[in-house]
4 protein chains.
Amino acid sequence: MARKPADQSVNRDEIIAAAADVLQRKGYDAATMKDIAAAVNLTAASLYHHFKNKDALFLAVLEAGLTFVLDQLEPIAACDLRPDDKLRRMIACHIVGVTNNRAVGAAMVFEIRALMTLPIGINESGELDGEILAARDAFFAQRDRFEALFRQVVGEGIDQGLFRPIDAAIYVKLLLGAQNWVGVWFKPDGRLGGDEIAASMADMLISGISI
Amino acid sequence: MARKPADQSVNRDEIIAAAADVLQRKGYDAATMKDIAAAVNLTAASLYHHFKNKDALFLAVLEAGLTFVLDQLEPIAACDLRPDDKLRRMIACHIVGVTNNRAVGAAMVFEIRALMTLPIGINESGELDGEILAARDAFFAQRDRFEALFRQVVGEGIDQGLFRPIDAAIYVKLLLGAQNWVGVWFKPDGRLGGDEIAASMADMLISGISI
Amino acid sequence: MARKPADQSVNRDEIIAAAADVLQRKGYDAATMKDIAAAVNLTAASLYHHFKNKDALFLAVLEAGLTFVLDQLEPIAACDLRPDDKLRRMIACHIVGVTNNRAVGAAMVFEIRALMTLPIGINESGELDGEILAARDAFFAQRDRFEALFRQVVGEGIDQGLFRPIDAAIYVKLLLGAQNWVGVWFKPDGRLGGDEIAASMADMLISGISI
Amino acid sequence: MARKPADQSVNRDEIIAAAADVLQRKGYDAATMKDIAAAVNLTAASLYHHFKNKDALFLAVLEAGLTFVLDQLEPIAACDLRPDDKLRRMIACHIVGVTNNRAVGAAMVFEIRALMTLPIGINESGELDGEILAARDAFFAQRDRFEALFRQVVGEGIDQGLFRPIDAAIYVKLLLGAQNWVGVWFKPDGRLGGDEIAASMADMLISGISI
DNA sequence: CATGAATGAGAGTTCATTCAT
DNA sequence: GATGAATGAACTCTCATTCAT
């Protein structure tokens with residue numbers, strides 16, 4: 001991503017793509033504005049024409065990654081398939097997202113702590129920064145929505161007697177952990193591709209609660 | 001210079017414990033030597049009497065956490081129980097370790113990328129720092145051992161016809177992801193305790209591959 | 001952040017000049033980046049926009065000083081004068097350089113050990129830093145050239161029977177010692193000016209080997 | 001120097017010898033108390049039982065080096081030889097001192113600037129430290145005496161018509177520069193030994209002013 | 001839009017020095 | 001005497017951010 005040979009002016013999305021890559025490789029603290037700028041042939045100063053500050057850029061990446069997956073998950077959760085089939089597809093969708101899209105990986109795997117720990121949305125004057133706070137809240141809302149989708153489908157499965165009456169909340173945490181973790185160990189040139197891993201894991205994960 | 005009559009002198013282990021806490025809360029980059037020092041009522045400079053540098057302290061934490069769990073896992077893996085029972089205990093042991101011991105959480109969840117990315121073990125003279133390199137290698141060896149123990153027990157289960165012939169490597173990644181992830185969302189004052197989460201998850205995870 | 005409307009932006013050469021002064025007064029270790037920055041009305045952090053690090057700035061000063069003298073010495077050594085006249089001019093040129101140009105003094109007198117001892121050219125990642133290593137090698141090459149010029153002219157004098165057949169290498173070390181040392185004790189407001197000292201010393205030094 | 005296998009308690013002179021070595025190798029700023037302590041199998045803290053502080057230790061080294069040479073120079077200057085012979089011996093004595101005795105090298109070559117620049121004798125409270133100031137003044141007095149001895153003998157030579165009526169002060173600066181500089185480039189395993197260099201240089205230096 | 005220059009804040013690290021043991 | 005532990009001060013260097021051009 002962010003191939004952009006140069007010259008042409010750079011747009012928001014290219015920066016987000018580049019930032020996602022840097023972010024997943026280095027993490028929030030180690031990823032510098034200069035790193036990200038270099039990835040799109042800009043100087044760090046120029047990034048501030050596109051994003052208010054590092055937090056804003058950071059949140060834009062997470063939002064992009066989460067939206068990317070969510071946009072695929074929503075229709076699946078809403079469709080007419082059986083809950084176990086829906087869940088299978090959702091799991092695969094998530095895992096493939098993590099392996100194939102840097103922004104998804106960044107949004108899912110690494111930066112949760114940073115988001116919760118960092119004094120994001122508090123500017124240097126100590127005042128709360130409305131825009132950024134709003135973006136952060138929107139991100140958290142999306143995350144909740146994300147998790148809720150899984151819980152909902154699992155709930156449907158339990159209700160329809162397809163799944164055992166397990167603790168859906170815990171099960172979803174388990175799911176997400178296993179799926180997000182793929183972003184930690186997945187190597188593009190490894191033995192298995194993202195879709196194979198997804199299929200394999202979906203099987204094990206769903207068998208675990210199927211009747 | 002040299003104030004501090006010192007109510008009670010601080011030792012290595014106390015520092016490691018404090019560092020584990022800070023590390024799990026903030027991550028490697030965001031956790032400063034000052035943070036850690038403050039947690040044991042010292043100045044940052046004083047930490048350098050006990051640890052060569054941040055990397056060394058960091059590795060000591062990870063080593064402590066990993067050893068803590070490994071010391072419990074080894075006997076389980078080696079005992080005479082049925083593979084599924086062994087696996088159940090090992091999963092529980094890991095999860096409870098993550099929820100109850102900050103060093104375990106730090107060792108498991110967060111610092112994988114840092115460990116692999118950071119120029120650990122290269123000192124200021126540009127020479128490889130034997131001590132630290134050795135510690136890092138030891139840590140990686142322990143991690144391999146850790147994962148291998150799970151693979152071994154899963155393999156036994158497959159051999160004995162207790163588990164389906166799944167891809168043990170992928171399954172163990174799934175296990176570890178789900179288990180490590182607990183460190184991300186677990187709250188000591190939450191609805192469920194670590195042991196309850198452990199029991200619940202162990203059930204779902206083992207059912208997933210049981211015949 | 002980013003105060004300073006800046007009356008007049010500072011350039012590399014001004015920094016080098018200021019650094020030369022601080023360097024000759026305090027020496028490598030005692031001269032801090034803050035000292036140098038203050039001398040050009042900057043903060044220490046700003047220096048890093050112009051020089052990669054202290055070593056790079058340090059080497060730039062030495063290079064400037066050495067080049068300054070060498071550029072004057074080369075034509076003299078190459079001209080058609082008698083060897084003793086050439087040597088006289090070269091000695092004077094060196095001494096006046098030392099007394100009138102801080103960078104020359106710094107390059108000549110103080111920093112030899114530092115240059116040879118310090119882990120210059122090894123960056124924080126432990127990799128050899130090509131740029132800085134090249135600068136250091138260039139400096140040493142220039143120093144060799146510098147000394148070789150004197151040896152050459154002395155050799156010519158011996159060949160032409162103007163000088164006694166002394167050990168030219170030792171004699172040149174003696175020359176350089178006497179000349180460099182002027183940088184240690186010379187005071188701009190002393191009894192004699194740089195040119196007077198130069199004339200006086202050139203006389204004594206050349207008489208010492210003249211037939 | 002400072003061979004001391006260990007065990008036995010260490011005395012002032014051994015510390016001074018070790019410090020001289022470290023000092024000449026690293027210079028004042030780079031030589032740490034720990035370095036020096038390690039050379040005599042002590043900890044840095046222990047050095048403070050023997051010397052008030054780094055400055056005091058440092059001055060003791062310089063004093064030792066200077067005294068060592070001065071004790072040899074005084075009798076020569078005072079004896080009945082011809083001025084040119086006395087000067088020859090004094091030059092040789094100085095050069096051999098520099099090449100064979102680390103404390104002499106330290107006292108002569110490197111640390112003059114440090115002595116003049118550093119806020120020696122000013123303790124952290126900003127108060128002048130009498131003891132150290134006295135030591136520093138004594139050192140400077142010795143240095144003056146040192147230089148005066150050379151000037152005196154040169155003066156005798158001029159008076160007796162053996163030397164040209166040159167500017168004795170400048171000539172002595174030249175002498176000292178050439179001689180001290182030997183400490184910069186001398187290598188124990190080089191082509192010439194200290195005594196050979198001394199003989200060669202003495203010849204050139206004295207010829208330079210002989211009638 | 002883009003950027004070079006500048007900077008405050010802060011991080012890791014070192015070091016001389018002190019003090020209780 | 002010797003030392004382990006502790007610390008204030010200082011240093012090099014990095015980084016997010018600003019602003020004039």
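Every chain is numbered from 1 and lettered A, B, ... according to where its sequence line falls, protein lines coming before strand lines.
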- Query: Looking across every strand, which nucleic acid part, if any, lies under 4.0 Å from A/A31 by heavy atom: base, sugar-phosphate, or nothing?
  - Reply: sugar-phosphate
Paired runs of 3 or more consecutive Watson-Crick or G-U pairs involving DNA chain F, with both pairing distances under 3.5 Å, are E:2-21 with F:2-21
Cation-pi check, A/K54 to A/Y48: give yes when NZ or CZ is under 6.0 Å from the six-membered ring centre and within 45° of the ring axis, no otherwise.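 The answer is no; the distance or angle limit is not met.
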Tell me which of D/K34 and B/K34 sits closer to the 5' end of DNA chain E, going by the nucleotide each one is nearest to.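 Closer to the 5' end of DNA chain E: B/K34.
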Between C/A45 and B/M33, whichever has its closest DNA chain E nucleotide further toward 5' is C/A45
Item to complete: Nearest 0.5 Å please: distance from the CD1 atom of A/I36 over to the CZ atom of A/F51.
Response: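 Taking CD1 in A/I36 and CZ in A/F51, the distance rounds to 9.5 Å.
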dist D/D21:CG -> D/Q24:CD (nearest 0.5 Å) comes out at 8.0 Å
For the pair made of [atom1] in [X] and [atom2] in [N], what is the distance, rounded to whole Å?
| X | N | atom1 | atom2 | result |
| --- | --- | --- | --- | --- |
| D/K26 | E/dT14 | NZ | P | 13 Å |
| A/F51 | F/dT18 | CZ | C1' | 19 Å |
| D/D55 | E/dC15 | CG | C1' | 14 Å |
| A/L47 | F/dA16 | CG | P | 10 Å |
| B/K52 | E/dG12 | NZ | P | 17 Å |
| A/E14 | E/dC1 | CD | P | 13 Å |
| C/Y48 | F/dA16 | OH | P | 17 Å |
| C/D29 | F/dT12 | CG | C1' | 12 Å |

Does [N] have OP1 or OP2 under 4.0 Å away from a side-chain N or O of [X]?
| X | N | value |
| --- | --- | --- |
| A/S46 | E/dT3 | yes |
| C/T43 | E/dT7 | yes |
| B/H50 | F/dA6 | yes |

Side-chain atoms of A/K54 come closest, of F/dT17, E/dT13, E/dG12, to F/dT17
Regarding the side chain of D/L42, the nearest nucleotide among F/dT3, E/dT17, E/dT3 is F/dT3
Q. Under a 4.5 Å cut-off applied to non-hydrogen side-chain atoms, are B/V61 and B/Y28 in contact?
A. no
Checklist entry - Does any non-hydrogen side-chain atom of D/L57 lie less than 4.5 Å from one of D/M33? => result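 In short, these two side chains touch, coming nearer than 4.5 Å.
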Walking DNA chain F from its 5' end, the first of A/A44 and A/H49 to be reached, judged by nearest nucleotide, is A/A44
Notebook entry, point to check: Is the side chain of B/D35 donor-acceptor paired with the backbone N or O of B/T32 at a distance under 3.5 Å, no angle test?
Noted result: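 Between the backbone of B/T32 and the side chain of B/D35 there is a qualifying donor-acceptor contact (under 3.5 Å).
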Examine distances only and state if a side-chain atom of B/E14 and a backbone atom of B/N11 form a donor-acceptor pair shorter than 3.5 Å.
yes
